[in-house]
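Whatever order the structure lists ligands and atoms in, that order sets their numbers, starting from 1.
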Amino acid sequence: MDNTVHSALIWAQQELVALPSSRLDAVHLLAHVLGKSQAYLITYPEHAIDNDTLDIFATLVASRAAGNPLAYLLGDMSFMGRNFDVNRHTLVPRPETEELVEWVLAFSSKESLRCIDLGTGSGVIAVSLALARRDWSIMAVDVSAAALAVAQRNAQQLGADGVMFIEQDGLLGQATASILRSVDLVVSNPPYIAENDPHLQRDGVCFEPRLALVAGNDGLAFIRRMVDEAKSLLCRQGCLVFEHGYDQAQSIATLLYQAGYASVEHGKDASGKQIFTKAMWPGG
Ligand code: GLN
């Protein structure tokens with residue numbers, strides 16, 4: 001390649017030809033290394049790029065060609081219109097999870113309530129809720145210290161100062177011992193993929209933290225535990241709401257009713273898949 005934006009993009013697009021988004025990914029990566037907008041690249045195709053920058057670009061393109069998610073290479077990802085830092089310690093936030101947050105906001109009253117985001121990862125759920133509902137008291141829990149560091153940085157950068165970050169395995173532990181039976185809302189995008197699911201081999205998924213994706217041989221191990229633990233934390237008529245696999249709604253409804261929850265409702269994503277469930281804890 002010679003050293004213009006135009007030829008760098010043509011070269012990168014060829015390198016990435018196996019990806020459906022080859023052109024867009026090339027543009028994103030080049031804009032990133034140049035510190036310019038995508039509009040700039042389109043307007044100035046003859047802009048000359050120095051050799052060091054070209055080397056960095058070539059390395060990123062090679063990583064992307066090897067399957068690394070674009071979000072990890074750029075270091076951030078848009079979620080509900082805001083930029084969140086992400087890295088290999090956090091799941092890449094999915095658009096479905098934006099719909100989960102919208103669903104929670106739609107059914108929750110505006111009054112101050114106590115909410116826990118379990119498995120916060122990059123913090124997208126906790127931070128988005130905190131920014132939409134300034135009067136909520138929000139705890140973001142994750143077992144991974146490395147993920148929590150990313151979430152905390154996101155909260156700071158985006159001005160969600162009130163969120164409390166807690167390193168804990170699951171809902172129950174020292175940090176939550178003083179709030180038993182007083183949580184109004186537990187929300188989560190838990191790991192829900194079965195160990196041998198072929199989806200784990202697709203796209204960049206194998207670069208994402210396994211802990212954030214996989215939950216036992218039926219994908220329900222984490223959800224079972226969360227359903228059980230949430231009973232100790234939720235107040236009377238408190239809500240548990242979470243995302244799950246497109247084919248898990250039925251089994252999840254059964255396990256929620258068996259655990260004593262009521263009013264189980266499923267929510268659909270934009271493509272009509274039932275991937276959200278909400279249940280009410282009657283207390284007791
Ligand atoms: N809560 C984060 C998200 O929705 C991380 C979820 C996870 O790691 N399973 O992206």
Looking only at the side chains, is there a donor atom on one of Ser271 and Asp269 sitting less than 3.5 Å from an acceptor on the other?
yes

Quick one: does Gly119 get within less than 4.0 Å of ligand 1, heavy atoms only?
yes

Do the side-chain N and O atoms of His89 and Asn87 include a donor-acceptor pair separated by under 3.5 angstrom?
no

Which heavy atom of Leu234 sits nearest a heavy atom of Cys239, and at what distance?
CD2-O, 3.5 Å

Regarding ligand 1, does Ala212 bring an N or O atom to under 3.5 Å of one of the ligand's N or O atoms?
yes

Per-atom filter on ligand 1: closer than 4.0 angstrom to a heavy atom of Val124 are 3 (C), 4 (O), 10 (O)

Does Pro93 reach ligand 1 with a nitrogen or oxygen that is under 3.5 Å from one of the ligand's nitrogen or oxygen atoms?
no

Tell me whether the guanidinium CZ or amine NZ of Lys278 lies under 6.0 angstrom from the six-membered ring centre of Phe107 and within 45° of its axis.
yes

Run the salt-bridge test on Asp169 and Arg225 with the 4.0 Å N-O cut-off and return the result as yes or no.
yes

Compute the shortest N/O to N/O distance between Arg94 and ligand 1 and return yes if it is under 3.5 Å, no if not.
no

For Asn189, counting its heavy atoms only, list the atoms of ligand 1 lying under 4.0 Å from any of them.
3 (C), 4 (O), 6 (C), 7 (C), 9 (N), 10 (O)

Could you go through the side-chain hydrogen bond (donor to acceptor under 3.5 Å, both in side chains) check for Glu265 and Thr277 one step at a time?
CA-CA 6 Å; Glu265 271 178 52; Thr277 292; over 6 Å; no

Nitrogen or oxygen of Thr120 less than 3.5 angstrom from that of ligand 1:
yes

